[in-house]
There are 4 protein chains.
Amino acid sequence: MMNQVLAQLDEFGPLADLNSAKGRLQQASARLFKEKGYAKTTVRDIAAEVGIQSGSIFHHFKNKEEILLAIMSDTILRVLTDMYAALASTDDVMEKLQHLILLELKAIHGEQFVGFSLLVSEWRALSDGNQQQILKLREYYENLWREILTLAHEQEKVNVEALYLRGFIRGALIETTNWFSVTGDISLEQLALKLMATFTRREK
Amino acid sequence: MMNQVLAQLDEFGPLADLNSAKGRLQQASARLFKEKGYAKTTVRDIAAEVGIQSGSIFHHFKNKEEILLAIMSDTILRVLTDMYAALASTDDVMEKLQHLILLELKAIHGEQFVGFSLLVSEWRALSDGNQQQILKLREYYENLWREILTLAHEQEKVNVEALYLRGFIRGALIETTNWFSVTGDISLEQLALKLMATFTRREK
Amino acid sequence: MMNQVLAQLDEFGPLADLNSAKGRLQQASARLFKEKGYAKTTVRDIAAEVGIQSGSIFHHFKNKEEILLAIMSDTILRVLTDMYAALASTDDVMEKLQHLILLELKAIHGEQFVGFSLLVSEWRALSDGNQQQILKLREYYENLWREILTLAHEQEKVNVEALYLRGFIRGALIETTNWFSVTGDISLEQLALKLMATFTRREK
Amino acid sequence: MMNQVLAQLDEFGPLADLNSAKGRLQQASARLFKEKGYAKTTVRDIAAEVGIQSGSIFHHFKNKEEILLAIMSDTILRVLTDMYAALASTDDVMEKLQHLILLELKAIHGEQFVGFSLLVSEWRALSDGNQQQILKLREYYENLWREILTLAHEQEKVNVEALYLRGFIRGALIETTNWFSVTGDISLEQLALKLMATFTRREK
DNA sequence: AATGAATGAGGCTTCATTCAT
DNA sequence: CATGAATGAAGCCTCATTCAT
């Protein structure tokens, strides 16, 4: 099933090579968007960050919004790929859940590539048409979560229905951008465990 | 103690009268900021919303950012006041917590006044100086939460330390803007209960 | 009948007051467009011509193209009004024709206001939607010509059908921009007579 | 005499071979310039039209304006050559005139190569220096017309002096771009006759 | 208080042209 | 000869803010 889904995702085009000019532009933009916000980041800022002229940007992207679009699209695609792989590594629901949480956390905090948090924080910066496009990808992504959480609920490992629990978890994870530091007291892995502990049904 | 705190809060000035020109301007702005984002909302948009000319806005606010500042400040102040009142109504920690969650939810979904979610979503729109100012208020606010959550943890009603739990709850609540509708299947009260259920330690 | 037509033309809005800021902007733009061409005229050029900042232009016109649109629209409207008046002053077909030619010539050479020649030379600068709008006006205008020329042909004063003759006359008149100078040897009136002589059927 | 003139024209360089890369570039450009206007036609548009990259254009032409220059120059040269040939075929003034009109019409409507109408519509797109250069060619061209028209006037076949009549005819012919379609009711030959009829002196 | 024209800095984008490969 | 990434100047337009009325 998963291969089937991944095949469908091909329509969203190949991921940008992180070492290509386009890829570096995308990464630099993601960093700036996250730091200053999309609206406050000028194309000149972006150009300066990669050491080119602002006009050159438009060789790689039709316009500023396309950069954000590419970031969002690539981000989901990358995380989705990782998740499918991780889910295949175990049959235990709670272990699967643990994987999802950790991978989303890593995506949010940019272990490998920046950008996941932009999906929420800069959502409104997209035009309607582009929102629809990303929405399709987000659906694949959220369906994955829903599946696992539904299973967990059926097995009585958690107290709340998938729909609500996912909402809570997504919020809890995203918000970590604003208070959790990767270089702080605890690691992302530990943070993931704390969240698991928070909503896991426990016996006395 | 609480009265003492409320007294200190006086320095942040009086709340805008919701029926005054200034108050209506503030409310209209909050609505637009939430809908389109601060950056994409123009001063003309705001003026049009209340039926005046854009130039007239500057008789009430020094500049656009001051509007956002006032919204944020007033919002926290109002919620704080409500919370102090609610906390005084019971001695049970979990009931207190329940109150906090419900009041924050109401603030987020604008039962009485829009704006709480802007505190997170438009945080970066504030200049450094203004961030500091709001930060003071947020500290009062977050301290209140920390106090209650610490108590709950000490009484072993929850599994996770106040610092982390508050982070998770804040995120979970804020994110409801993006998926929960007040006119949907369940009420804010029920939603609050769902969240409580999520992280409450349960006995066999 | 004419009053009826003029009434319909009201939908195209009032003419710009030539002394208002908007009117002066329009006139200055028309002059520049004629001199350097629409594409080569920058909004800064226009602003400089009337002594304001380029940004201020957009208080009066939504964008650069709207200026051209206003010029074209106003121009036709003004000429049409003059033509209806002139046609009413005589019953002789050839005299009517003489009036039309002279009025169009005057419009082309900007006796009172610049702009008529732009209708042809800058036609392609308009977007499709705006072309349609002006087309409606041009139809009123061309119908007037067709009427008179058809009459002239029926009375055997001219050799060629209205459709073709109008095409020839329009071209002949417009092209005078490129070779005829108002300050030269002969006057516009004399030029008009030369054109009349060209295609008028003569007796031995 | 004519051979003498044609010899002088050699200084303007050889005509582009219509099948060479350069020739096809020139033809494609002419088509686009006519369709969208010089200013609105980008170098990329042109490149796309012939299936090369925009950078490659500059191997054939120094810059965009040189393309327009070449088009104009070649166009006049081609028409001139045809005209000299046609004029030699008859001694009758009115027949000669008929030839000129038809050939100019054909040039305008691009029977063999696009471009004549650009001489008028895009005249201002040329820099001063280039205008001077084309002006030299146009002089040869206009002198030819003047010669014939002067003869016709002397022979009392037309009513108006060459200078004015040529202005009218040029305008009438150019303007046909805007209303006459080669695939419509009448042919170019018939159109030429209509124009002849328009200004030819007739006896009762 | 309100108006609304004007400001002016700055944003995004276009595009002819260059040049190393 | 061709490519295509990069340039950099310039264009249009936006918008918060000011200020005379």
Side-chain angles (χ1 to χ4, degrees), chain A residues 20-22 24-25 38-47 50-68, chain B residues 20-22 25 29 38-48 50-68 125, chain C residues 20-22 24-25 38-47 50-68, chain D residues 20-22 25 29 38-48 50-68 125:
Chain A
S20 69
K22 187 167 181 168
R24 271 178 289 117
L25 215 37
Y38 174 82
K40 281 199 170 174
T41 302
T42 70
V43 293
R44 277 190 177 80
D45 289 338
I46 298 170
V50 295
I52 59 173
Q53 293 298 115
S54 67
S56 307
I57 290 181
F58 299 91
H59 254 273
H60 304 284
F61 296 95
K62 215 168 62 239
N63 52 46
K64 188 182 166 191
E65 196 180 326
E66 291 283 317
I67 306 179
L68 183 57
Chain B
S20 68
K22 188 166 180 169
L25 218 35
S29 303
Y38 175 81
K40 279 198 172 174
T41 302
T42 71
V43 148
R44 273 187 174 73
D45 289 339
I46 299 170
V50 294
I52 61 174
Q53 291 300 113
S54 67
S56 308
I57 288 182
F58 297 89
H59 285 284
H60 303 284
F61 295 95
K62 212 166 71 234
N63 52 46
K64 186 181 168 192
E65 197 180 326
E66 290 285 316
I67 306 179
L68 182 57
Chain C
S20 69
K22 188 166 180 168
R24 271 178 289 120
L25 216 36
Y38 175 82
K40 281 197 169 175
T41 303
T42 71
V43 292
R44 276 191 178 79
D45 290 337
I46 298 170
V50 294
I52 60 174
Q53 292 298 113
S54 67
S56 307
I57 289 182
F58 299 93
H59 255 274
H60 304 284
F61 295 96
K62 217 167 65 238
N63 51 47
K64 188 182 165 191
E65 196 180 326
E66 290 283 316
I67 306 179
L68 182 57
Chain D
S20 69
K22 188 165 179 167
L25 217 36
S29 302
Y38 175 81
K40 279 196 171 174
T41 302
T42 71
V43 148
R44 272 187 173 74
D45 290 338
I46 299 170
V50 295
I52 61 174
Q53 289 301 114
S54 67
S56 307
I57 288 183
F58 297 88
H59 284 285
H60 302 283
F61 294 95
K62 213 166 72 235
N63 53 44
K64 187 182 166 190
E65 198 181 324
E66 291 285 317
I67 306 179
L68 182 57

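Each chain gets a letter, A, B and so on, in the order the sequences are listed, and its residues count up from 1.
- Minimum atom distance to the side chain of Lys64(C) is reached by dC12(F), of the listed dC12(F), dA16(E), dT13(E).
- Shown here, dA9(F) forms a base pair with dT14(E); the pair counts as Watson-Crick or G-U wobble because both key distances fall under 3.5 Å.
- Regarding Lys40(D), its NZ atom lies at a distance of 18 Å from the C1' atom of dA16(E), rounded to whole Å.
- Atom pair Leu25(A):CG and dC12(E):P shows a separation of 13 Å (rounding to whole Å applied).
- One interatomic measurement links the two molecules: CD1 of Ile52(B) to C1' of dT3(E), which rounds to 10 Å at whole-angstrom precision.
- Residue Tyr38(B) comes nearest to Lys64(B) through the heavy atom pair O-NZ, 3.0 Å, listed as atom of the first residue, atom of the second, then distance.
- No contact: Ile57(B) has no heavy atom under 4.0 Å from any strand.
- Ile67(C) has its CD1 atom 14 Å from the C1' atom of dG11(F), to the nearest Å.
- The side chain of His59(D) approaches dA2(F) more closely than any other nucleotide in the set dT17(F), dA5(E), dA2(F).
- Pairing for dA20(F) goes to dT3(E), judged as Watson-Crick or G-U wobble with the two contacts each under 3.5 Å.
- Computed from coordinates, the His60(D) NE2 to dA2(F) C1' distance equals 8 Å when rounded to whole Å.
- You'll find that the side chain of Gln53(C) is closest to dG8(E), out of dA2(F), dG8(E), dA10(F).
- When the nucleotides dC13(F), dT13(E), dT17(F) are ranked by their closest atom to the side chain of Ser54(C), dC13(F) comes out on top.
- Smallest separation of non-hydrogen atoms from Ile57(C) and Ala47(C): CD1-N, 3.8 Å.
- Taking each heavy atom of Val43(A) and Phe58(A) in turn, the nearest pair found is CG1-CZ, 4.2 Å.
- Shown here for Ala125(B) and Lys40(A), the closest heavy-atom pair between the two residues is O-NZ, 3.6 Å.
- The 5' end of DNA chain E is approached more closely, in terms of each residue's nearest nucleotide, by Ala21(C) than by the other of Ala21(C) and Phe58(D).
- Nearest heavy atoms, Arg44(A) versus Ser54(A): CG-CB, 3.9 Å.
- Contacts of Thr41(B) with the nucleic acid, taken as non-hydrogen atoms under 4.0 Å apart, involve only primed sugar atoms and P, OP1 or OP2.
- Each of dA16(F), dT17(E), dT3(F) was ranked by its minimum atom distance to the side chain of Thr42(B); first place goes to dA16(F).
- Atoms CZ (Arg44(C)) and C1' (dA9(F)) sit 12 Å apart, rounded to a whole Å.
- Using a 4.0 Å heavy-atom distance criterion, Ser56(D) is classed as a base contact.
- Rounded to whole angstrom, the span from the CG atom of Asn63(C) across to the P atom of dG11(F) amounts to 17 Å.
- For the pair Ile46(B) CD1 and dA16(F) C1', the computed distance is 11 Å after rounding to whole Å.
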